[in-house]
Amino acid sequence: MELKFDPNNPKYKYIQTPSELDAALEVLEKDPVIGVDVEGTGLDPYTSTLLLVQLGNEEISYIIDARKVPLKEFPRYKALLEDPKRIKLLHNAKFDYKFLKVQTGARLKNIYDTMLAGAVLTAGLVGKNPSLKELSFKYCGIDLEKGVRKTFANYLGEITEAQLKYSGLDTLVMFPIFKAQVEELKREDMVKVAKLEFASTLAVAEMELRGMCINVPKWKEVIAGLEEKRKKYADEFQELIRPYYGTNSVDLFGNSVDSMNVNSQAQLMDLLNKRIGLNLISTNDEFLKAVDHPVVNVLRDYRKYEKLISAFGQSLLDKVNPVTGRLHPDYNQMGTATGRFSCKDPNLQQIPRNSEEAPFRKLFNPAPGYKLVTADYSSFEMRILADLSGDANMIKALKEDLDIHSYTASLMFNLPYTEDFKKQHPDLRQIAKPIGFGLMYGMSAAGLASQIGVSKEKGEEYMELYFKSYPSVRDFLNKLADDAVKKGWSTTPLGRKRWYKRPSPSDPDYRRQMGGIQRQAKNHPIQGTNADAIKFAFVFLQERLEKEGIDGGITHTVHDEIVSEIREDQAEDWAKIQSEEMVRAAELFITKVPVKSDPYVGDEWEH
DNA sequence: AGAGGTGGTG
DNA sequence: CATGCACCACCTCT
């Protein structure tokens with residue numbers, strides 16, 4: 001690829017005064033594509049200081065010292081970044097967007113993100129988002145020096161020559177990557193999915209900035225209650241196992257001493273199998289709950305509390321932002337091979353559902369004067385399966401709003417479907433339900449059998465009855481598996497691809513790996529279409545928030561659910577809009593069955 | 001530092 | 001022959 005810059009001697013200009021910035025903008029305003037990058041003293045836009053803002057074209061980078069040039073009072077700078085006609089070229093735009101909005105008041109529009117483009121182009125093959133270093137090597141053969149980036153951490157001094165050179169190259173190198181990726185996206189028919197990622201990342205950035213309110217004092221109370229329970233069961237456990245160890249029951253001062261570490265799987269196996277004489281292959285709850293032994297019972301109780309405390313205790317409260325007093329998780333919009341979001345620090349997508357003892361979700365509340373609006377798609381993946389497979393029976397059931405698992409059971413066991421089928425034949429419905437879910441994961445008859453606790457033969461029989469009821473579902477899923485094996489990828493209707501690394505036939509693990517690919521390929525278009533719809537909903541909702549002048553925004557998402565925080569007087573109207581926009585987004589893909597989304601307005605995160 | 005086990009979510 | 005998708009956090013152990 002022909003470069004418009006010298007990687008060893010990149011052209012840059014260090015901007016320290018408003019008049020210098022005016023001169024730079026004079027040049028940049030002629031460019032249809034602007035490279036953008038920022039350097040700060042840290043990663044958090046609220047607690048770190050913005051040091052540099054680099055703006056450039058494919059030949060030169062203008063490196064603005066944000067401590068010297070008052071960007072907040074610079075309309076011309078803001079107008080350039082917010083110009084909807086000009087493409088802003090960034091790597092991981094979400095990060096820069098947050099800094100630029102918080103610290104300079106500018107909100108990027110119309111972006112191209114080399115990181116997200118790289119991620120959609122390698123989904124399934126690579127576990128993490130591509131770095132700029134990787135992309136610049138791959139597309140331009142340039143080995144970027146990234147050591148300098150670390151020098152910005154907590155940096156308070158004058159900007160050095162090395163820092164300038166490094167910062168300049170960052171914006172320049174994105175141009176050739178951009179050109180190469182666009183060609184690749186066109187070749188792979190992935191322009192639409194890339195555009196969706198680019199558009200939604202700004203809504204994701206807004207969501208992260210907003211964060212979520214958590215009731216810290218009550219959270220601590222709940223944790224304290226759980227700790228009491230954990231201690232009770234821990235003590236009981238040590239008391240119960242003492243006979244199996246004999247010595248070491250007290251230390252030199254007469255205090256009782258633990259015989260073993262309950263949290264150690266190795267020590268537990270030793271206790272349960274060698275000392276107690278059970279014959280367990282694993283200590284997970286699946287196996288423990290099949291055993292009736294006092295030690296095991298107490299262990300299971302202990303584990304329940306230990307899990308809640310370790311995963312959702314103080315470690316989660318430590319993530320509260322000192323400036324905003326709220327939680328601002330890091331959402332990775334290409335965090336999964338299927339296109340779903342992942343979430344971390346903290347992962348609010350795995351907060352337990354409310355229970356009496358641990359009502360965690362009740363402690364996520366709106367700010368004073370606001371409400372939380374929660375809406376999720378109902379049975380969304382089932383609807384996607386019905387639509388994509390085109391199965392007439394499944395479509396009919398969803399169109400008529402029947403209880404889908406009861407209807408399935410009525411077809412499987414040749415019984416009439418009635419309003420009270422669920423009450424009449426709970427057992428049959430209980431057989432049909434796991435098949436419906438399992439199928440979307442590519443589950444086999446054997447897997448089904450072990451899950452519902454029947455023989456392999458019975459499992460096969462049920463599976464056969466299910467597929468006889470929904471014949472097109474079988475054909476659809478089988479075709480997905482076959483195509484993935486043949487082509488090496490699967491796709492959603494939008495064009496979101498997932499690639500597969502097919503094993504060599506001589507690989508001893510060949511069968512198992514091929515089986516895995518087939519299961520992933522059966523699931524990907526379903527889970528991926530859910531993701532496509534949620535991301536369109538993000539884009540639509542962000543547009544509506546701005547258009548309607550809503551005081552509030554999206555605060556959270558959990559795969560098929562979106563939570564927003566809206567000023568009280570606008571919350572009811574917004575609830576309707578949120579559901580409508582979620583449905584509108586889903587209907588871009590789902591046309592043969594109805595899509596439903598019911599909103600809930602309240603002071604707690606619930607659904 | 002990384003792997004394996006366990007368990008929380010959709 | 002193996003046999004349910006997608007994640008992340010915490011713990012222990014090496």
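Chain A is the first sequence line, chain B the second, and so forth, proteins listed ahead of strands; every chain is numbered from 1.
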Sugar-phosphate only, base, or nothing, as touched by [X] at under 4.0 Å among non-hydrogen atoms:
X: A:Ile351; result: sugar-phosphate
X: A:Arg498; result: sugar-phosphate
X: A:Asn530; result: nothing
X: A:Ala445; result: nothing

Between [atom2] of [N] and [atom1] of [X], the distance in whole Å:
X: A:Arg300; N: B:dG7; atom1: CZ; atom2: C1'; value: 13 Å
X: A:Glu306; N: B:dG8; atom1: CD; atom2: C1'; value: 13 Å
X: A:Gln527; N: B:dT9; atom1: CD; atom2: P; value: 17 Å
X: A:Leu299; N: B:dT6; atom1: CG; atom2: P; value: 11 Å
X: A:His556; N: B:dT9; atom1: NE2; atom2: C1'; value: 9 Å
X: A:Trp605; N: B:dG10; atom1: CH2; atom2: C1'; value: 11 Å
X: A:Tyr302; N: B:dG7; atom1: OH; atom2: P; value: 12 Å
X: A:Glu381; N: B:dT9; atom1: CD; atom2: P; value: 17 Å

Can you check the distance between C:dG4 and B:dA3, where both ends of the measurement are the P atom (answer in whole Å)?
24 Å
If we take the P atom in both B:dG5 and C:dT3, what is their distance in whole Å?
14 Å
Between A:Gly515 and A:Arg519, which is nearer to the 5' end of DNA chain C once each is assigned its nearest nucleotide?
A:Gly515
Reading DNA chain C from 5' onward, which residue's closest nucleotide shows up sooner: A:His559 or A:Ala446?
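Looking at the nearest nucleotide for each, A:Ala446 comes out on the 5' side.
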Say whether, by atom type as modelled, one donor and one acceptor occur between the side chain of A:Gln349 and the main chain of A:Thr557 under 3.5 angstrom.
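At least one qualifying donor-acceptor pair exists.
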Going by ring pair (Phe, Tyr, Trp, His ring centres under 6.0 Å), name the residues that satisfy it together with A:Phe341, two or more places apart in sequence or in a different chain.
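With neighbours one apart ignored, the set is A:Phe538.
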Not counting sequence neighbours, which residues clear ring pair (Phe, Tyr, Trp, His ring centres under 6.0 Å) with A:Phe95? List them please.
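Partners of A:Phe95 by the ring pair (Phe, Tyr, Trp, His ring centres under 6.0 Å) criterion, ordered by chain and then number, come out as A:Phe99.
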If you measure from the Lys or Arg side-chain nitrogens to the Asp or Glu carboxylate oxygens, is any gap between [X] and [Y] under 4.0 Å?
X: A:Asp270; Y: A:Arg275; answer: yes
X: A:Glu228; Y: A:Lys231; answer: no
X: A:Glu197; Y: A:Lys192; answer: no
X: A:Asp532; Y: A:Lys535; answer: no

Quick check for you: name the first and last nucleotides of DNA chain C, 5' to 3', having an atom under 4.0 Å from a heavy atom of chain A.
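On DNA chain C, the outermost contacted nucleotides are C:dC1 to C:dC13.
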For A:Lys468, check side chain to side chain contact (heavy atoms under 4.5 Å, CB included) against everything at least two apart and list the hits.
A:Glu464
Just the atom pairs and distances: protein N or O near nucleotides 2-5 of chain B's N or O, under 3.5 Å.
residue: B:dG5; atom: O3'; partner: A:Gln265; partner atom: OE1; Å: 3.2

Under 3.5 Å, is there an N or O donor on one side and an acceptor on the other linking the side chain of A:Arg353 and the base of B:dG8?
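No.
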Check whether the side chain of A:Lys307 and the base of B:dG7 form a donor-acceptor pair under 3.5 Å.
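A donor-acceptor contact between them is present.
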Pairs under 3.5 angstrom only: tabulate donor-acceptor contacts from the side chains of residues 201-211 of chain A to other protein residues two or more places apart or in another chain.
residue: A:Thr201; atom: OG1; partner: A:Gln333; partner atom: OE1; Å: 2.7
residue: A:Glu206; atom: OE1; partner: A:Lys101; partner atom: NZ; Å: 2.9
residue: A:Glu206; atom: OE2; partner: A:Tyr97; partner atom: OH; Å: 2.3
residue: A:Glu206; atom: OE2; partner: A:Lys101; partner atom: NZ; Å: 3.4
residue: A:Glu206; atom: OE2; partner: A:Arg107; partner atom: NE; Å: 3.2
residue: A:Glu206; atom: OE2; partner: A:Arg107; partner atom: NH2; Å: 3.1
residue: A:Glu208; atom: OE1; partner: A:Lys98; partner atom: NZ; Å: 2.6
residue: A:Glu208; atom: OE2; partner: A:Lys94; partner atom: NZ; Å: 2.7
residue: A:Glu208; atom: OE2; partner: A:Tyr331; partner atom: N; Å: 2.7
residue: A:Arg210; atom: NH2; partner: A:Gly552; partner atom: O; Å: 3.2

Taking the six-membered ring for Trp, are A:His328 and A:Tyr46 closer than 6.0 Å centroid to centroid?
yes
